[in-house]
Amino acid sequence: MKRLFDLLLGLAAGLCLLLPLLLVALLVRATSRGPVLYWSDRVGRHNIIFKMPKFRTMKLDTPAVATHLLSSPDRFLTPVGSLLRKTSLDELPQIWSIIKGDMSFVGPRPALFNQYDLIELRTQYGVHELVPGLTGWAQINGRDELPIPQKVQLDAEYVRRRSFWFDLRILWLTFVKVLRRDGVSH
């Protein structure tokens, strides 16, 4: 049922957001050189690597590490990068990953391929068995500000509590957080 929900909502969202997707793509193209999309190597279900698209918010020479590990992340942002991140518009291309089945609307956020500590902890707690999500229980409880052990505890709590109604609650709370721009550090 979750996969059908993701597919139907993903197709509907893709159609509804087609114009905003095109506008953001034009904005990225007009303000920085390089591709519009950044394809990030992410860890999916069963720790299998997949390519996750995002609108590019960082300059081409940015190291492939989590943003919080950069010494001064602001210097790597494109002219519209900060705006796209604060409004979460950079995440919109992930609808493609949801339609494709690499991601779900709700689940643990996919780790970067080189976040070994996060991947190892998630594997210990069985979180790696889930399809990663556009949003998740950890995202609405701290997002970028959470230390990895706390993030994994929230992911493990999601594993225990997951249900269709819990997913709907997480989607609603995500919508509220995005509107308020809560928990975005870069």
Side-chain angles (χ1 to χ4, degrees), residues 1-3 5-6 10 38-58 62-74 76-77 85-86 88 90-98 100-178 180-186:
M1 184 166 129
K2 183 170 178 147
R3 176 67 187 129
F5 175 79
D6 285 337
Y38 173 70
W39 292 85
S40 177
D41 286 339
R42 296 295 179 127
V43 179
R45 185 174 190 206
H46 302 298
N47 292 333
I48 296 171
I49 304 293
F50 72 99
K51 298 273 188 192
M52 183 186 81
K54 295 179 86 165
F55 281 120
R56 191 172 49 78
T57 60
M58 305 296 262
T62 305
V65 297
T67 306
H68 70 277
L69 296 177
L70 295 171
S71 59
S72 54
D74 291 341
F76 291 104
L77 286 170
R85 284 176 170 231
K86 285 179 183 172
S88 296
D90 63 321
E91 310 284 351
L92 289 179
Q94 291 168 42
I95 292 170
W96 169 250
S97 294
I98 293 169
K100 191 176 170 205
D102 288 334
M103 290 178 64
S104 177
F105 273 98
V106 180
R109 280 296 290 163
L112 285 166
F113 71 96
N114 57 3
Q115 287 181 295
Y116 305 113
D117 50 351
L118 177 58
I119 296 164
E120 183 179 333
L121 271 176
R122 281 182 169 174
T123 302
Q124 286 177 15
Y125 285 91
V127 176
H128 72 294
E129 297 288 332
L130 301 178
V131 175
L134 181 64
T135 187
W137 189 233
Q139 279 57 51
I140 61 169
N141 285 291
R143 199 171 176 174
D144 295 336
E145 299 160 351
L146 292 174
I148 286 175
Q150 189 178 352
K151 186 181 293 188
V152 172
Q153 287 301 319
L154 289 164
D155 289 337
E157 182 181 342
Y158 175 74
V159 170
R160 291 188 302 276
R161 295 180 61 187
R162 68 188 161 139
S163 70
F164 180 71
W165 299 111
F166 193 45
D167 282 2
L168 289 180
R169 179 176 175 213
I170 291 169
L171 284 171
W172 170 253
L173 291 171
T174 299
F175 178 73
V176 171
K177 289 253 183 198
V178 168
R180 292 183 185 162
R181 297 182 186 169
D182 285 349
V184 180
S185 60
H186 302 286

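Residues: numbered from 1 along the sequence shown.
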Minimum heavy-atom separation for W137 and L154, please, with both atom names.
CD1-O, 3.4 Å
Sequence neighbours excluded, the answer for side chain to side chain donor-acceptor pair (under 3.5 Å) partners of T174 is T135
Calculate, to the nearest 0.5 Å, the distance between atoms CZ and CD1 belonging to F105 and I95 respectively.
5.5 Å
Is there a side-chain contact between M103 and F50 in this structure, where contact means two heavy atoms from C-beta onward sitting under 4.5 Å apart?
yes
May I ask you to test the L112-S40 pair for a side-chain heavy-atom distance under 4.5 Å?
yes
Could you pull out the closest heavy-atom pair between I98 and D6, with the gap in Å?
CG2-O, 3.7 Å
Considering residues at least two apart in sequence or located in another chain, which fulfil the salt bridge (charged side-chain N to carboxylate O under 4.0 Å, His left out) criterion with R122?
D155
Considering residues at least two apart in sequence or located in another chain, which fulfil the side chain to side chain donor-acceptor pair (under 3.5 Å) criterion with Q115?
none
Checking Y158 now: which residues fulfil side chain to side chain donor-acceptor pair (under 3.5 Å) with it, not counting sequence neighbours?
K2, D167
Is the backbone of F55 close enough, under 3.5 Å, to the side chain of D90 for a donor and an acceptor to pair up by distance?
no
Determine, stepwise, if the pair E91 / K54 fulfils salt bridge (charged side-chain N to carboxylate O under 4.0 Å, His left out).
CA-CA 5 Å; E91 310 284 351; K54 295 179 86 165; 3.4 Å; yes
Testing the basics here: between F113 and I49, what is the closest heavy-atom pair and its distance to 0.1 Å?
CB-CD1, 3.8 Å
Whether K151 side chain and A138 backbone form a donor-acceptor pair below 3.5 Å:
no
With sequence neighbours left out, what residues match D41 under salt bridge (charged side-chain N to carboxylate O under 4.0 Å, His left out)?
K51
T62 OG1 to R56 CZ distance, which is reported to the nearest 0.5 Å:
8.5 Å
Could you tell me which non-hydrogen atom of L118 sits nearest to which non-hydrogen atom of A111, and how far apart they are?
CD2-CB, 3.6 Å
Would you say that more than 12 heavy atoms from the other residues, nucleotides or ligands in this model lie under 6.0 Å from the CH2 of W172, or not?
no
Can you check whether M58 reaches Y38 side chain to side chain, under 4.5 Å on heavy atoms?
no
Atom CG of L121 and atom NE2 of H128: how far apart are they, to the nearest 0.5 Å?
12.5 Å
Which pair of heavy atoms, one from R109 and one from M52, lies closest together, and at what distance?
NH2-CE, 3.9 Å
Under the side chain to side chain donor-acceptor pair (under 3.5 Å) test, which residues partner R161, sequence neighbours left out?
E157
Between CZ of R45 and CG of D102, what distance do you get to the nearest 0.5 Å?
12.0 Å
Keeping the roles fixed (side chain from R42, backbone from P110), state whether a donor-acceptor pair exists under 3.5 Å.
yes
State, yes or no, whether a side-chain contact exists between W96 and K100 at a heavy-atom distance under 4.5 Å.
yes
For a 4.5 angstrom cut-off between non-hydrogen side-chain atoms, does Y125 reach V159?
no
As an exercise, state the distance from CD1 of I119 to CD of Q124, rounded to the nearest 0.5 Å.
12.5 Å
Determine the minimum heavy-atom distance between V127 and P108, stating which atoms define it.
CG1-CG, 3.6 Å
Donor-acceptor pair, side chain of S104 and main chain of V106, under 3.5 angstrom
yes
